[in-house]
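Both ligands and their constituent atoms are indexed starting at 1 by order of listing.
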Amino acid sequence: MKRIALFGALGLAVIGALTGGAVTPAAAQASAGDAVRGKSVYARCAACHDLNTGVTRLGPSLKGVIGRTSGTSPNFNYSQALKDKAVVWNADTLDQFLAGPAKYAPGNRMAFPPLANPQDRADLIAFLEQSAH
Ligand code: HEC
């Protein structure tokens with residue numbers, strides 16, 4: 001009997017971890033990013049974006065992307081749209097871009113749908129701030 005109760009508690013803890021405790025009434029505003037969770041969100045980017053070595057995949061490397069001006073990683077042939085945007089990538093500009101890549105820089109060539117969940121974006125950006133060096 002004791003064992004069943006223990007598993008029950010574990011189950012609740014797992015559900016809590018999976019939802020990230022993010023099921024708040026005011027869900028519109030993301031809470032502080034969780035880099036650990038952000039790593040799993042980054043799995044959606046990894047096919048096209050290297051993080052640490054500077055290697056070009058389908059997209060430019062994100063090595064050092066925080067603080068870099070859009071369209072300026074060497075060895076990548078950017079669209080004019082991203083070069084003309086000339087925005088410095090930080091938590092705020094990345095959040096806007098990832099919420100709607102096509103809308104943020106019309107004509108850019110990143111074939112990726114909007115990352116609609118604000119918490120996913122916050123977690124991903126926390127991961128990039130920690131890891132894209
Ligand atoms: C299908 C491939 C693909 C996927 C998946 C993808 N991207 Fe991209 N990304 C690109 C391409 C291609 C560009 C360059 C677009 C251009 O030049 O217009 C780009 C550009 C960018 C830039 C601008 C970089 C710079 O140097 O200015 C950032 C930041 C970025 N992507 C982040 C992400 C993140 C974060 C994800 C995951 C949520 C992601 N991308 C998913 C292909 C992809």
Distance-only N or O hit between ligand 1 and Asn77, under 3.5 Å
no
Checking Asp34, Leu128, Val36, Asn117 against Asp123 for side chain to side chain contact (heavy atoms under 4.5 Å, CB included), the one that qualifies is Asp34
Between the side chains of Arg37 and Asp120, is the shortest nitrogen-to-carboxylate-oxygen separation below 4.0 Å, so that they form an ion pair?
yes
If you compare Arg44, Met110, Lys85, Lys83 by their heavy atoms, the one closest to atom 42 (C) of ligand 1 turns out to be Met110
Counting heavy atoms under 4.0 Å, the part of Phe112 that contacts ligand 1 is side chain
Under 4.0 Å between heavy atoms, the region of Leu94 that gets near ligand 1 turns out to be side chain
shortest atom 11 (C) of ligand 1-to-protein heavy-atom contact is with Gly59 CA, 3.7 Å
Logged contact type for Asn108 with ligand 1, heavy-atom cut-off 4.0 Å, is both
The closest protein heavy-atom partner of atom 37 (C) of ligand 1 is Cys45 SG, 1.9 Å
| query | Polar-atom distance check: Thr69 versus ligand 1, any N or O pair below 3.5 Å? | reply | no
For atom 13 (C) of ligand 1, the closest protein heavy atom turns out to be Pro60 CD, 3.5 Å
Flag Ser73 as yes when one of its N or O atoms lies below 3.5 Å from any N or O atom of ligand 1, and as no otherwise. no
The protein heavy atom nearest to atom 2 (C) of ligand 1 is Cys48 SG, 1.9 Å
Does some non-hydrogen atom of Phe76 fall short of 4.0 Å from ligand 1? yes
- prompt: Looking at ligand 1, does any of its N/O atoms fall within less than 3.5 Å of an N/O of Ser70?
  reply: no
**Request:** Would you check whether Ser79 has a nitrogen or oxygen atom less than 3.5 angstrom from a nitrogen or oxygen atom of ligand 1?
**Result:** yes
Atom 7 (N) of ligand 1: closest protein heavy atom, distance to 0.1 Å, is His49 NE2, 2.8 Å
Closest to atom 26 (O) of ligand 1 among protein heavy atoms sits Tyr78 OH, 2.5 Å
protein heavy-atom neighbour closest to atom 28 (C) of ligand 1 works out as Phe97 CE2, 3.6 Å
Note: Trp89, heavy atoms under 4.0 Å from ligand 1, region reported as side chain
